[in-house]
Amino acid sequence: YAVPVGMGFSLFLFRQNEVPWLKALSLTLVTVLMLWGLFNISIYGAPLRLHGKYLAVQKLELIAALVRLLLLVALALIYIGALAAVMVATISITLQAILMRKLAAHFLDFGAPCDPDQRRDLVILIRKQFFPTLFFAFQVQIMVWLIILFGTVDKVAEVGALGRLNVVFSLIGSVLTSIVVPTFSRCVTLPRLVRLFSLALAAYAIF
């Protein structure tokens, strides 16, 4: 459901800004391909982290970043534009997804049947995430709207400065997602879970 709706909004916004139809369609399709890569990275990264393959995941991320850098440098010498930049990102992310799937195949049985109980639990979890996800999707637009209504030029500058803090929180979130969460997932005893959680909170507070 999300992809067709997102493509519709994307084409509408491009046309509102007088982007030609061909370029608008190309940008939208390339972005959808990028989403496919990001989705696969998220899925196949989970078993790798659960098995403690943090270094392997980081190596794949580094490979994708280097490929993106090299392609951008090569394109910058010839031609660079929005479509080229998005295509470079899509190529690097797709490469990372393919390599990650190949590595995760050592830990996964792709022919395993779906467990109805696990599927039900996942559906319940996704439903609970609907409203936070919806807010996240429109958070920037809501912020801009509030600034337009109540803000001044100085307030806009302050919001931009505060946005730099996202780098710090992204670093913390990356550590939590890559190391802490998989460690919790492998925990099978309550005392160990409490101890790990306390250590994570202490590290978070110190940071």
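Quick caveat, the model's predicted, so the values are computed rather than measured.
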Check whether any side-chain heavy atom of Ile63 sits under 4.5 Å from a side-chain heavy atom of Gln96, and report yes or no.
-> no
First locate atom OH of Tyr44, then atom NZ of Lys102, and finally report the distance between them rounded to the nearest 0.5 Å.
-> 14.5 Å
NE2 of His106 to NZ of Lys53, rounded to nearest 0.5 Å, is 9.5 Å
Note, Arg68 side chain near Ile91 side chain (heavy atom, < 4.5 Å) = no
Taking Asp115 for its side chain and Asp117 for its backbone only, find out whether a donor-acceptor pair lies under 3.5 Å.
-> yes
In this structure, CG of Leu66 is separated from OG of Ser92 (nearest 0.5 Å) by 10.5 Å
Decide if atom CZ of Phe9 counts as having more than 12 heavy atoms of other residues, nucleotides or ligands within a radius under 6.0 Å.
-> no
Under the 6.0 Å and 45° cation-pi test, does Arg192 pair with Phe197?
-> no
dist Met34:CE -> Met87:CE (nearest 0.5 Å) comes out at 10.5 Å
Do Leu95 and Ile93 belong to the same hydrophobic cluster, where Ile, Leu, Val, Met, Phe, Trp and Tyr are linked whenever their side-chain heavy atoms lie under 4.5 Å apart, directly or via other members?
-> yes
Do Leu50 and Leu193 share a hydrophobic cluster (ILVMFWY, side-chain heavy atoms under 4.5 Å, transitive)?
-> no
Leu103 CG to Ile98 CD1 distance, which is reported to the nearest 0.5 Å | 14.0 Å
Is a donor on one side and an acceptor on the other found under 3.5 Å between the side chain of Ser42 and the backbone of Phe39?
-> no
Keeping the roles fixed (side chain from Arg15, backbone from Val19), state whether a donor-acceptor pair exists under 3.5 Å.
-> yes
Donor-acceptor pair, Thr90 side chain versus Val30 backbone, under 3.5 Å?
-> yes
What's the spacing between Thr28 OG1 and Leu11 CG if we round to 0.5 Å?
-> 4.0 Å
